[in-house]
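Have a look at the structure below before the remarks.
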Amino acid sequence: MRYAEGGGLNAAERTRRERSRFEAAELFVRGVPAPEVARRFRVSRMPANRWYRTWQDGGPQAPASKGPGGERRSWP
């Protein structure tokens with residue numbers, strides 16, 4: 001399904017991913033390196049490194065979801 005057809009992440013999936021980012025941040029606090037976090041979450045190093053940079057730059061609340069992506073509607 002394409003995004004224009006209603007594809008993409010739903011609220012539950014965004015919540016699940018947000019929870020993963022917060023769990024990764026907890027591991028970073030304990031000194032676990034990004035490559036090990038990637039292995040534990042079964043993701044490539046790229047997202048683990050991005051999570052690490054986000055956590056480092058923004059602190060403990062940085063991994064929070066920013067809501068659905070994409071352009072905001074300009075009509076009601």
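The basis for the numbers below is simple: all heavy atoms, side chains too, and nothing from hydrogens, waters or symmetry mates.
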Heavy-atom closest contact ([X] atom, [Y] atom, distance):
| X | Y | result |
| --- | --- | --- |
| A48 | F28 | O-CZ, 3.6 Å |
| A24 | V37 | CB-CG1, 3.7 Å |
| Y52 | A34 | CB-CB, 4.5 Å |

_Distance, nearest 0.5 Å, that separates CZ of R21 from CZ of R16_ = 10.5 Å

*State, with a plain yes or no, whether a side-chain heavy atom of R17 is found less than 4.5 Å away from one of R14.*
no

*Can the ring centroids of W51 and F41 be said to lie less than 6.0 angstrom from one another?*
yes

*If you group Ile, Leu, Val, Met, Phe, Trp and Tyr by side-chain heavy-atom gaps below 4.5 Å, do V43 and M46 land in one group?*
no

*Only pairs at least two apart or in different chains count here, so list each salt bridge (charged side-chain N to carboxylate O under 4.0 Å, His left out) that has a residue in residues 27-53.*
E36-R39, E36-R40

